[in-house]
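Have a look at the structure below, then the notes.
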Amino acid sequence: MTEWIREKGKKIEWNNMGIIIALAAMILFFSISTTSFLTPNNLANIARQISIVGICAVGMTCVILTGGIDLSIGSLIGIVVVTCATLMSSGVNPILVVLVGFIIGAVIGLINATCITYLKIPPIITTLGMMISLRGATYLISGGMPIYGIPEGFKILGQGSIGLVPISMLIMVIVFIFGYIMLNKTVFGRRIYGIGGNEETTRLSGVNVKKEIYKIYIMVGMLGALASLILMSRVNSGQPSAGDGYEMDIITAVVLGGVSVSGGEGKLSKVIVGVIFMGVLANGMMMLNINEYWQRVVKGIVLIVAVAVDIRSREKKAKLKAA
Amino acid sequence: MTEWIREKGKKIEWNNMGIIIALAAMILFFSISTTSFLTPNNLANIARQISIVGICAVGMTCVILTGGIDLSIGSLIGIVVVTCATLMSSGVNPILVVLVGFIIGAVIGLINATCITYLKIPPIITTLGMMISLRGATYLISGGMPIYGIPEGFKILGQGSIGLVPISMLIMVIVFIFGYIMLNKTVFGRRIYGIGGNEETTRLSGVNVKKEIYKIYIMVGMLGALASLILMSRVNSGQPSAGDGYEMDIITAVVLGGVSVSGGEGKLSKVIVGVIFMGVLANGMMMLNINEYWQRVVKGIVLIVAVAVDIRSREKKAKLKAA
Amino acid sequence: MEQNILELKHITKLYPGVVALDDVSLGFARGEVHAIVGENGAGKSTFIKVITGAIQPTSGEVVFEGRAIEDNSPQKSMGLGITAIYQELNLLKHLSVAENIYYNRYRKKHGMIDFRGMESDASKVIARLGVKIDPKVLVKELSVGYQQLVEIAKALSQDVKVMIMDEPSAALTNNELEYLFEIVRTLKKEGMAILYISHRMEEIFELCDKVSVFRDGHYIQTMDVKDTNQEELIRLMVNRELKDTFPEFISHRGEKVLEVKHLSTELLRDVSFSAYRGERLGFAGLVGAGRTETARAVYGADRTLEGEIWIQGQRVKIQTPEDAIRHKIALIPEDRKQQGLFLNMSVKDNISFAYAPHLTNSLGIIKGKKEEEICRQQITKLTVKTPSDRQLVKNLSGGNQQKVILGKWLLMNCDILIFDEPTRGIDVGAKQEIYELINQLASQGKVVILISSELPELIGMSDRVIVMAEGRISGELEKEEINQEKILELASKAQEVSR
Amino acid sequence: GLVKTSDDSQSSGDAGKKDGENKTLKVGYTVQSMENAYFVSIVEGMKAAAKEKGIDLVVADAAADASKHISQIEDFVSQGVDAIIISPVDQEAPADAVKKAQDAGIPVISLDQEVKGSDAFFGIDESEYGRLGGELAGQWLNEKESDGTIDEIVNDKDEIEVVVVRYDQIPSVIKRADGLKKGLEDTYTGDKKINYVYEQNAADADTGYNLSETALTSNPKVSMFICINDSSALGVYESCLTHKEHTPDNTCIIGLDALPEALKLISQDTMYKGTVDIKPAEKGADVLDLVQDVIKNGPKSEMIVYDMSQVTKENIGDYDIK
Ligand SMILES: Nc1ncnc2c1ncn2[C@@H]1O[C@H](COP(=O)(O)OP(=O)(O)OP(=O)(O)O)[C@@H](O)[C@H]1O
Ligand SMILES: Nc1ncnc2c1ncn2[C@@H]1O[C@H](COP(=O)(O)OP(=O)(O)OP(=O)(O)O)[C@@H](O)[C@H]1O
Ligand SMILES: [Mg+2]
Ligand SMILES: [Mg+2]
């Protein structure tokens, strides 16, 4: 009997592989059907293209794990990009500007957290309101016009590479590693899981839930600021529409990575697969020269199928376990 | 003591008035600051403008009450509009076309429900995939171009009025009344609350949860189709971008109306207030001819403040009751 | 006199429409096990939540080691050395057993959480309770009984001065209880103050030194356990005389109604039994023996791999609870919050939920007046303590929540009623009411199946007992053979066989 | 053929491109937004021409996101296209990516808006585009002046009430809206004051409808709508139809883009008075000639300007309206 329980326990630890299988199948398909998909250049492209979503996905994972959501991340990118671009173009020291960017991100996170914890406004409404307002503010600051005149040297962040490895990808990888360690090996990370699993239990276990929520949203804001700087450097300008709609891409990647929107469940190691999946899909469909409208049709279906495969594989595991 | 308890118990029934107060304050403000806000004509405009979101909000309320969400509603509107416009402009009998519209809506609901119940894909992913695919399909059908040539008589649905009362508003009111009765007075409605409150308890109480989910999503699809027909009639054409982004407006109105995104809690009688709130805000700001960018800033803040007021009022009630 | 380690002064707690605690003052001494008893809704859980700072009292103060605790919070009280096992299971279901035990008290190695060390520590703590649970298993995979043990292990693993246990025994069988008592006695010797809440009178007399009685939010009296007896305690609690614990019942075994043949699920092996009209069939077993699993399989709540169910000589297919209800089977589930209630809905909506289809008019509209009337009847009949039928169920005390579930199923007027731990967390008075109800149902010719972990209850309330162990039936006892020793022997029998 | 091309063309590099005439040319087009009917027309024209010329055309939608252009150019480069066409969201954002493409030997041609440093620019002057529309509006007012009916369309303060439908989310369209106003002011010769009672955002029929409905309620004397595209103008038109007081005699709606439905309304003597045609489908076809020219003869420094023509009921006869 004891043996029996123990054995089951081990099997539960298996990583469910569904989404990885789906990704592998997709990569195989694109590699066969196009000649240029599996080239170092193209892989570097994909890496560069996913880095912004990837960095934000780490923060979003934390938020969703607590049972919250952050719709304001796209607009946060917008306002950081436009503010930093304005400052840089008027000659402020880039290092100072970067600092300002992080401060803006942190302050937005702080405001979000205050609304959520003290005013008790649900995260979806808080961040939706923030999303709308911040975008408006972004247009106001920029007058609706893009801002140019960012110093040349700043380009390296979003455009540079070390050998074939894009710097932006490196940053994303570092963020993921940090995120992984934080979520799995630190008390803060375990509290994030706890809050999402059962906030009351977490509170009764002596955790100051409000404080943790603050930390999380501030972290998300700062990760968003980091992503903004990369985007700004990549586009080498401050676009008032920067980041528009990114929140959906980010949330999709996270949920595709198996994080439950009701909180408490999910692994960062799978979220990175979700991020790559979205990047490969977009890139591969373009390589195939599929009509834009068809691309959308396919994208929606692939999303659903990928999650279905993932869920199926988890169920199979469960059955294996039981047998 | 018993009397006292009984009396207090009744007070719990009080409807919390926060959002209504916020709406009243806003109406007062617009009435003072513009001359034309509080005219019958403008009120009719608002009524006409909110009817599409309003009709969909009834369906969305049901979905959110079960703990789900429907992101595909905007794209559903798009595909119904474009298909129906294409058929009508090629001379198919309008009544037949209306029927086709409802069938499309129902089928989309059916597919959503199948993915959610049998493939166990979370609603957010199912409907997100559907949203992307359907929009693609809409552009495919229309070739990206608006479709004209809808029979003149069809305009009455979205543009006509009986006296000063717009027909589209009448339809919305009827939908709300039906929705209200359904949610509060029928077994189906109870089960919707039950599923969102505790799915397992609902199942163990002998409810076939899957069947109910099917009914709900099909209903949502058909309400979406109804809204589509009104939209099509209103602009007298089939725009491939029709309904784009509506899902967010609809969800916002529902959540503003106090429906909890985690399911099981919320009242349709307050959702209508949420719908009106959004309509009045948009209309009033335009009346004031506020700059588009400022409109956004204000809208986001007003949203957050309104929900904060609503939550505060509920808490106050609770305290009053305790004293 | 030695100073009390913990002292509560003039605690009052008001909820909307409810006075949960009314000016309660009470102290607790080191090296003592202090029981708190009272009816459901008397305010016991509220009292301990005030101590831990989980809720703020409306007025009054908590004094620890001579100093008032200001701005009390779970964090603060834990820091001072107070820990609690709350009545509602407070576990993080998606996390492992080990992590739950050491949640927020992680041991670190190189600045990172040491999961390995945590797991081996957890195994040791669990072992002290006489069971073995893999510390790596996720809590959601465990049955309620095991979860309760994890909760206890969590409290035991802490080095504290005051330990509070709110009905820790509710889901446990004698076996685990003995281990628990053993540990509590050790802790007491080490000078810990222990607050023990239970509805099982015999535990009070076996384990505790002092007992305080609460009634209706009022503190009534504290006594030395050795100076009192069960009758007196019960009288103080319910403020009236109670007759025999187990009401008289003469069984008339009628026709065979339910027959289960060779039922197997992922956890059950070849379970066969029959149940008869007018007879109360008990199911005994240790935690995790598979009783709940059997009930759920019969009810169609879980998938079965094999097996047949016959009702009144007819083979029936039961794949969903919907099917079961059609065949007039009801299941009162053991996990109240997860499976029995809509916590955010009113008492009325909970009671009428399953019955609602019978309350509609020709247009499909639910008849509101009729509904209210029927719900009020149930509330009165079961003496559910609630300010109104509009009160949200989550605001009721545990025992009253259980009554709401009973009310819901009694309305359905089923033929076969399966009660899975129906008296879990229910006070003596209410227990008797439920026993009487069960007897009444049986004498009306219904089939009653009673699953219980409380042996005296099972013995007192069953006409026949089936004992399970490790997913199999290990024996069956007729009325005259039923006794504690026999049941325990059968319950642990299969364990040897399978090794 | 699609599968085979790039590997050998990459290895044989420039040689392959030189005799591009008898090899299939592969061209990538990264388009601002495929949700915009204007660009849809361009793509249609381009596709048809590509088929005729035997060009392998790859179209990618940037969905109004400046950074997507960069990704798409990167992708085009790794696909080994022979030339890239871009209709940018923003003029500078893709500049570095364009340079990278050029470094890889791929010429980049700007269409519609210019990207700094591109090899050729076939474009539109947005202010001029708007100005032409505004001019039509001004001319209508001048006619009213000479008819002597101008007093019928002014409000009681003797002002002409005008609604400007703008779309301030895209920089080029901001210029267009400003052009509309400028055209109107420069052309109108009378002495009535022009009062812009509303300047609000709309780019589609639905929003246009809501906007004018609201505007007409608070300012029933509005007599003119100048709109940044026909889609929104058509919505405005629909809502004006519900106001009996507004007739073809006292109301003027001007759009841009020359959508077929707009042309139809112009031909029928309605409130819809004019639009400006930039023949997007033709532009789409023409740009491919330019691409071939650039591949053969190198960059062009001069901007090639779109020809645009005003459409009113005077010249509507030139159009084939079904
Ligand atoms: N959050 C709340 N809101 C309103 N009323 C509450 C709340 N929590 C508890 N109550 C009420 O306070 C009273 C005391 O409840 P409490 O849970 O302390 O009882 P208890 O003695 O622990 O009962 P049981 O033996 O059933 O667990 C009950 O009447 C209950 O309904
Ligand atoms: N979802 C599950 N996954 C894996 N194992 C489970 C699951 N549910 C229950 N079990 C295990 O199955 C066994 C039988 O559980 P069951 O609930 O039927 O026992 P029980 O006799 O009713 O005891 P309890 O007092 O714990 O309720 C237990 O070992 C339990 O841990
Ligand atoms: Mg209690
Ligand atoms: Mg059990």
Side-chain angles (χ1 to χ4, degrees), chain A residues 32-46 48-50 52 77 81 135 139 142-150 152 155 158-159 166 230-246 249 279 282-293 295-296, chain D residues 2-10 26 28 30-31 33-35 40 43 47 56-81 89-97 99-100 104 116 166-175 177 201:
Chain A
I32 293 172
S33 54
T34 74
T35 46
S36 37
F37 178 81
L38 212 65
T39 57
N41 262 326
N42 192 49
L43 297 182
N45 285 349
I46 296 179
R48 225 177 276 122
Q49 288 158 13
I50 62 176
I52 291 159
I77 292 178
V81 160
R135 182 63 63 190
Y139 277 108
S142 62
M145 289 304 205
I147 295 144
Y148 304 112
I150 292 164
E152 277 297 302
K155 282 191 191 173
Q159 301 186 20
I230 294 176
L231 179 65
M232 182 169 94
S233 151
R234 187 166 157 77
V235 181
N236 198 26
S237 61
Q239 300 288 331
S241 66
D244 198 17
Y246 279 31
D249 288 349
N283 175 281
M285 284 205 292
M286 219 188 96
M287 289 282 157
L288 278 178
N289 190 16
I290 301 177
N291 165 307
E292 156 65 17
Y293 302 147
Q295 284 194 23
R296 295 202 194 187
Chain D
L2 209 155
V3 180
K4 246 185 100 232
T5 42
S6 56
D7 252 14
D8 22 2
S9 84
Q10 251 169 11
K26 190 169 182 181
T30 163
V31 56
S33 167
M34 284 296 279
E35 293 191 2
V40 172
V43 169
K47 275 187 180 159
D56 186 5
L57 180 68
V58 188
V59 179
D61 180 8
D65 179 350
S67 74
K68 284 227 174 81
H69 282 305
I70 299 172
S71 306
Q72 286 163 355
I73 293 171
E74 285 168 354
D75 291 346
F76 284 147
V77 173
S78 45
Q79 275 187 64
V81 296
V89 176
D90 174 66
Q91 311 189 12
E92 279 198 31
D96 292 311
K99 203 160 160 290
K100 263 189 236 157
K116 261 195 354 201
R166 348 177 19 111
Y167 195 66
D168 289 352
Q169 252 144 280
I170 300 174
S172 60
V173 182
I174 297 179
K175 287 188 213 150
N201 271 20

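In the text below, chain A, chain B and the rest are named by the order of the sequence lines, each starting its count at 1.
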Indicate yes or no for a side-chain donor-acceptor contact from A/Thr34 to the backbone of A/Phe37 under 3.5 Å, with no hydrogens or angles considered.
yes
Counting only N and O atoms by type, is there a donor-acceptor contact under 3.5 Å from the side chain of A/Arg135 to the main-chain atoms of A/Pro240?
yes
What part of D/Ile70 gets within 4.5 angstrom of chain A, counting heavy atoms only: side chain, backbone, both, or neither?
both
Portion of D/Asp61 that has a non-hydrogen atom of chain A nearer than 4.5 angstrom:
both
Kindly compute the distance separating OG (A/Ser33) from CG (A/Leu288), expressed to the nearest 0.5 Å.
4.5 Å
Ranked by heavy-atom pairs below 4.5 Å to chain D, first place among A/Leu231, A/Val235, A/Asn42 goes to A/Val235
Go through the structure and list residues passing side chain to side chain donor-acceptor pair (under 3.5 Å) with A/Tyr148, not counting sequence neighbours.
D/Asp90
d(A/Lys155 NZ, A/Ser233 OG) to nearest 0.5 Å is 9.0 Å
As an exercise: rank A/Ser237, A/Gly158, A/Ala242, A/Pro146 by heavy-atom pairs under 4.5 Å with chain D and give me the winner.
A/Pro146
Is it the backbone or the side chain of D/Lys47 that comes under 4.5 Å from a heavy atom of chain A, or both, or neither?
side chain
Who passes salt bridge (Lys or Arg N to Asp or Glu O under 4.0 Å) against D/Glu74, sequence neighbours left out?
A/Arg48, A/Arg234
Between A/Met145, A/Gln295, A/Met286, who has the most heavy-atom pairs with chain D when the cutoff is under 4.5 Å?
A/Met286
Under a 3.5 Å cutoff, is there a donor and acceptor pairing between the side chains of A/Gln159 and D/Asp96?
yes
Could you check whether any side-chain N or O of D/Gln72 sits under 3.5 Å from a backbone N or O of D/Thr30, counting only pairs where one atom can act as donor and the other as acceptor?
no
Looking at A/Ile46, A/Asp244, A/Asn283, which one has more heavy-atom pairs under 4.5 Å with chain D than the rest?
A/Asn283
Name the region of D/Val40, side chain, backbone, both or neither, that has any atom closer than 4.5 Å to a heavy atom of chain A.
side chain
Checking heavy atoms, do the side chain of D/Ala97, its backbone, both or neither come under 4.5 Å from chain A?
neither
Under 4.5 Å from any heavy atom of chain A - which part of D/Val58:
both
Engaged part of A/Arg296 at the chain D interface, taking heavy atoms whose separation is under 4.5 Å:
side chain
